[in-house]
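This one's a predicted model, so the numbers in the text were calculated from it and none came from an experiment.
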Amino acid sequence: MSSPALRIGRWSQTGNVYAITAVTYARRRWFSDKANVELLIEALRAVERTGRTLSLAWVVMPDHLHWLFELRTGTLAGCMQILKSRSGRSVGRRVDANAPIWQPGYYDHALRSDECLRTQATYIAANPVRAGLATCIGEYPYAWSRWPLLG
């Protein structure tokens with residue numbers, strides 16, 4: 001069960017930009033497998049095709065996802081439910097897993113108007129460098145940004 005503390009102060013507002021972190025169940029490294037990463041990326045794109053989000057940046061780490069997006073319609077909870085459900089079913093079918101793929105809940109940060117979106121996108125893109133999975137921003141294959149990924 002997700003921690004109620006994650007929901008304190010949470011609010012959804014269309015037009016707002018959110019930085020989300022979603023973690024795999026028991027920190028299992030599902031996304032060390034390229035095929036599973038591709039399924040998650042397809043789920044991100046599918047959510048965007050529904051018109052719910054406009055993705056600004058994301059990085060798929062082995063055991064979690066960082067995603068920066070503008071909420072276009074619906075709620076933050078609804079958006080995350082679609083993403084986790086779609087990607088969880090896809091990965092679960094592929095690996096024949098009976099266990100959950102995602103940990104319940106997620107961490108969200110609503111960006112204030114004075115926060116620079118490009119700075120936040122760069123911070124997200126730098127996660128693989130901080131984790132030792134890459135030596136510079138732009139090298140890690142499972143990161144994307146609307147802005148050039150230059151370190």
Side-chain angles (χ1 to χ4, degrees), residues 1-7 10 12 17-72 74-111 115-151:
M1 185 156 152
S2 64
S3 168
L6 289 175
R7 293 187 297 273
R10 179 175 288 163
S12 293
V17 175
Y18 294 91
I20 299 292
T21 302
V23 179
T24 60
Y25 190 78
R27 287 277 187 177
R28 187 151 178 199
R29 297 172 63 88
W30 290 111
F31 303 112
S32 293
D33 183 324
K34 179 181 178 183
N36 291 343
V37 173
E38 289 170 355
L39 292 170
L40 177 53
I41 291 170
E42 173 50 34
L44 286 164
R45 291 179 177 148
V47 173
E48 187 155 350
R49 285 192 302 269
T50 68
R52 289 178 179 269
T53 62
L54 174 65
S55 291
L56 302 172
W58 47 257
V59 63
V60 179
M61 301 294 284
D63 64 356
H64 64 282
L65 167 71
H66 295 285
W67 184 23
L68 180 68
F69 64 89
E70 178 186 343
L71 184 63
R72 292 284 178 95
T75 65
L76 189 56
C79 172
M80 291 305 294
Q81 191 277 329
I82 290 169
L83 174 72
K84 290 170 101 177
S85 175
R86 182 180 181 109
S87 60
R89 281 193 316 268
S90 297
V91 171
R93 275 193 306 266
R94 181 182 171 274
V95 300
D96 198 24
N98 291 326
I101 303 300
W102 293 104
Q103 177 176 294
Y106 53 91
Y107 172 80
D108 67 283
H109 171 69
L111 275 70
E115 292 181 90
C116 177
L117 297 181
R118 189 172 183 159
T119 300
Q120 185 68 33
T122 301
Y123 178 82
I124 287 170
N127 268 269
V129 176
R130 289 190 296 275
L133 299 173
T135 57
C136 63
I137 293 176
E139 178 183 78
Y140 189 68
Y142 310 125
W144 174 86
S145 173
R146 291 209 174 266
W147 300 277
L149 293 176
L150 304 172

To the nearest 0.5 Å, how far apart are [atom1] in [X] and [atom2] in [Y]?
| X | Y | atom1 | atom2 | answer |
| --- | --- | --- | --- | --- |
| Asn127 | Met61 | CG | CE | 5.0 Å |
| Tyr18 | Gln120 | OH | CD | 14.0 Å |
| Arg146 | Arg118 | CZ | CZ | 13.5 Å |
| Leu117 | Glu70 | CG | CD | 9.0 Å |
| Thr119 | Ile124 | OG1 | CD1 | 11.5 Å |
| Ile20 | His66 | CD1 | NE2 | 11.5 Å |

For residues [X] and [Y], report the shortest heavy-atom separation together with the two atoms involved.
| X | Y | value |
| --- | --- | --- |
| Val129 | Cys136 | CG2-C, 3.4 Å |
| Arg52 | Gly78 | NH1-C, 4.2 Å |
| Leu68 | Ala121 | CD2-N, 3.9 Å |

Exercise: do Ser90 and Arg86 side chains pair donor with acceptor under 3.5 Å: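 Note: Ser90 and Arg86 side chains miss the donor-acceptor criterion.
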Expected output: side-chain Lys84 to main-chain Pro104 donor-acceptor under 3.5 Å: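 Not at all, since once roles are kept as given, no pair shorter than 3.5 Å links the two residues.
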Is the shortest side-chain heavy-atom distance between [X] and [Y] below 4.5 Å?
| X | Y | answer |
| --- | --- | --- |
| Arg130 | Tyr123 | yes |
| Thr53 | Arg72 | no |
| Leu111 | His109 | yes |
| Pro62 | Leu133 | yes |
| Val59 | Pro128 | yes |
| Leu40 | Val91 | no |
| Val60 | Asn36 | no |

Intermediate values then yes/no, side chain to side chain contact (heavy atoms under 4.5 Å, CB included), Ser87 and Ile101: CA-CA 8 Å; Ser87 60; Ile101 303 300; 6.0 Å; no
Tyr140 ring center near Trp58 ring center (under 6.0 Å):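 Between Tyr140 and Trp58, the centre distance exceeds or equals 6.0 Å.
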Derivation of the salt bridge (Lys or Arg N to Asp or Glu O under 4.0 Å) call for Glu42 and Arg49: CA-CA 10 Å; Glu42 173 50 34; Arg49 285 192 302 269; 2.4 Å; yes
Chi angles and distances behind the side chain to side chain contact (heavy atoms under 4.5 Å, CB included) call for Val23, Asp63: CA-CA 6 Å; Val23 179; Asp63 64 356; 5.5 Å; no
Residue pair Glu48, Leu54: steps toward the side chain to side chain contact (heavy atoms under 4.5 Å, CB included) verdict: CA-CA 6 Å; Glu48 187 155 350; Leu54 174 65; 3.5 Å; yes
Whether Trp67 and Phe69 hold their rings parallel, tilted or perpendicular, with breakpoints at 30° and 60°: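 If you compare the ring of Trp67 with that of Phe69, the planes turn out tilted.
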Residue pair Leu65, Trp102: steps toward the side chain to side chain contact (heavy atoms under 4.5 Å, CB included) verdict: CA-CA 10 Å; Leu65 167 71; Trp102 293 104; 4.1 Å; yes
